[in-house]
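Excluded from the calculations below are hydrogen atoms, water molecules and symmetry mates; all remaining heavy atoms, backbone and side chain alike, are included.
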Amino acid sequence: MSSGAKVWVTRAQPGAARTAARLLDRGLDPVIAPLIAIRPLTPALPDASGFDGLIFTSRNGVAMFADLGPPPNAFDLPVFTVGGATAEAARQAGFARVRSADGDVHALAHLIRDETPGARLLHPGALQPAGDLGGALAGISQVVSLPVYEAVASDLPPPADFDVVLIHSPRAARELAARLPVDRAARRVAIALSAAAAAPLADLGFAAVGIAETPDETALLDALQATLGKPPIRV
């Protein structure tokens with residue numbers, strides 16, 4: 001593949017624009033055509049005083065919860081996040097006591113088990129979360145889910161031309177598997193954020209399916225550049 005490979009960005013906005021900017025910084029040609037869109041929900045907010053902390057597993061969860069106008073005491077609670085990008089989003093939203101698991105949902109569960117056993121934690125997130133955090137913490141901490149957004153299928157068709165497709169989530173992978181004809185995958189490459197995000201792609205016939213070493217976007221882009229035969233660029 002050429003150094004200016006066309007890279008299809010499938011994640012929802014506004015994340016797609018951030019990913020596209022990082023691809024441009026690495027000398028690649030982003031093609032933004034999200035497979036999913038984020039729709040805000042408007043649940044009634046529970047009393048923050050009834051919780052020992054907050055959990056965020058995505059930047060979308062942080063943004064949508066903050067947009068609902070939580071009471072000031074919510075910002076005083078300790079916050080546990082799945083990764084660094086989500087932690088930074090929480091800090092920017094005004095949460096001061098933020099800890100990142102720097103991994104996946106399993107790493108987050110370990111962090112919470114170590115630091116707040118027996119806690120009651122509020123988890124603002126997706127209507128259909130990708131992982132079972134409550135199950136991972138069953139009998140250790142109580143996780144109360146608060147759906148603040150849902151991921152829905154976009155109405156955008158696959159782009160006419162791409163060399164590589166980036167998959168950030170299992171939901172995006174399932175949409176890709178449903179929409180992309182097998183002959184469109186041939187001679188092209190998919191790079192997924194995790195094994196769970198790669199699994200729905202198994203029968204599409206991609207020339208290769210790469211998986212990031214760790215479930216974060218820097219590792220995803222490094223895996224992309226390794227596939228393209230270029231060393232990672234730190235920006």
For this session: For S58 and N60, run side chain to side chain donor-acceptor pair (under 3.5 Å): C-alpha distance rounded to whole Å, both residues' side-chain angles, the deciding distance at 0.1 Å, then the answer.
Result: CA-CA 5 Å; S58 71; N60 289 320; 4.8 Å; no

For this session: Could you tell me whether D52 and R120 make a salt bridge, using a distance below 4.0 angstrom between a side-chain N and a carboxylate O?
Result: no

Write down the atom of [X], the atom of [Y], and the distance for their closest heavy-atom approach.
X	Y	answer
A195	I211	N-CG2, 3.8 Å
A197	A173	O-CB, 3.0 Å
L180	L204	O-CD2, 3.5 Å

Problem set entry | Residue E213 excluded, over 12 heavy atoms near CD under 6.0 Å | no

Exercise. Is the count of non-hydrogen atoms from other residues, nucleotides or ligands lying under 6.0 Å from D183 atom CG greater than 12?
Worked result: yes

Problem set entry | Within 45° cone of F162 ring axis and under 6.0 Å: R188 NZ or CZ | yes

Exercise. Checking side chain to side chain contact (heavy atoms under 4.5 Å, CB included) against E217, which of D222, T19, L166 comes through?
Worked result: T19

Exercise. Of the options V148, T86, L54, D67, which is the one that meets V62 in a side chain to side chain contact (heavy atoms under 4.5 Å, CB included)?
Worked result: T86

Exercise. Taking the six-membered ring for Trp, is the centroid-to-centroid distance between F56 and F95 below 6.0 Å?
Worked result: yes

Exercise. Regarding T218 and R22, is there a side-chain donor-to-acceptor distance under 3.5 Å anywhere?
Worked result: yes

Exercise. Can you list the steps and then say if D163 with K6 is a salt bridge (Lys or Arg N to Asp or Glu O under 4.0 Å)?
Worked result: CA-CA 5 Å; D163 300 303; K6 294 182 183 297; over 6 Å; no

Please tabulate, for the side chains in residues 131-141, all donor-acceptor contacts under 3.5 angstrom to protein atoms that are two or more places apart in sequence or on a different chain.
{"from": "D132", "atom 1": "OD1", "to": "G135", "atom 2": "N", "distance (Å)": "2.8"}
{"from": "S141", "atom 1": "OG", "to": "T116", "atom 2": "O", "distance (Å)": "2.9"}

For this session: Using modelled atom types only, decide if a donor and an acceptor are shared between the side chain of R171 and the backbone of Q128 within a distance under 3.5 Å.
Result: no

For this session: For T57 and H123, run side chain to side chain donor-acceptor pair (under 3.5 Å): C-alpha distance rounded to whole Å, both residues' side-chain angles, the deciding distance at 0.1 Å, then the answer.
Result: CA-CA 8 Å; T57 50; H123 178 200; 3.0 Å; yes

